[in-house]
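Working notes, beginning with the structure itself.
Note that this is a predicted model, so its numbers are computed, not measured.
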Amino acid sequence: MRAALYALILVAGSTGAMADDCAEAWYQRNLIYKQAGYCFTTPRAIQTFGNADCRYDAMDRVPLSRQEQATVADLQAFERAHACPR
């Protein structure tokens with residue numbers, strides 16, 4: 001399943017966010033932050049991604065490209081539209 005999610009994030013990064021459900025949207029969004037060096041604070045995110053090699057404690061300080069910012073915004077819009085838990 002992880003391989004499929006990694007493939008989806010590659011697609012999302014090049015064509016805009018794509019998610020079929022809340023869990024997938026959450027994973028894709030947080031994978032972007034993990035790859036950019038965010039230090040997670042929630043137990044779910046720490047268990048899923050860990051905090052090895054993290055560098056940024058504040059989400060608004062994480063350097064994201066315009067494409068990554070757009071993908072995150074699309075995923076957040078999906079999560080809002082589907083009333084996904086935060």
key: Atom pair CG (L31) and NZ (K34), whose distance is rounded to the nearest 0.5 Å   = 9.5 Å
Of all pairs that satisfy disulfide (SG to SG under 2.5 Å), the ones with a partner from residues 57-86, not counting sequence neighbours = C22-C84
inquiry  = If we ignore hydrogens and angles and just use 3.5 Å, is the side chain of D21 paired with the main-chain N or O of E24 as donor and acceptor?
reply    = yes
note = Between the CZ atom in R44 and the CG atom in N30, the distance rounded to the nearest 0.5 Å is 8.0 Å
task = Sequence neighbours left out, what passes ring-ring contact (aromatic ring centres under 6.0 Å, His included) with F40? Give chain and number order.
result = Y38, F49
query = Residues in side-chain contact (heavy atoms from CB on, under 4.5 Å) with D57, at least two apart?
reply = C39
ask   = So which pairs with a foot in residues 61-80 pass ring pair (Phe, Tyr, Trp, His ring centres under 6.0 Å), sequence neighbours left out?
value = F78-H82
key: Side-chain heavy-atom pair Y56, P63 within 4.5 angstrom cut-off   = yes
query = Please, which pairs that meet salt bridge (charged side-chain N to carboxylate O under 4.0 Å, His left out) have at least one residue in residues 76-85, sequence neighbours excluded?
reply = R29-E79, E79-R86
query = What is the minimum heavy-atom distance between D53 and R55, and which atoms define it?
reply = O-NH1, 3.5 Å
request  = Not counting sequence neighbours, which residues clear side-chain contact (heavy atoms from CB on, under 4.5 Å) with L64? List them please.
outcome  = I32, Y33, A36, V62, E68, Q69, V72
inquiry  = With heavy-atom distances below 4.5 Å as the criterion, would you say the side chains of I46 and T42 are in contact?
reply    = no
remark   = Residues passing the side-chain contact (heavy atoms from CB on, under 4.5 Å) test with A58, sequence neighbours excluded, are D60, R61
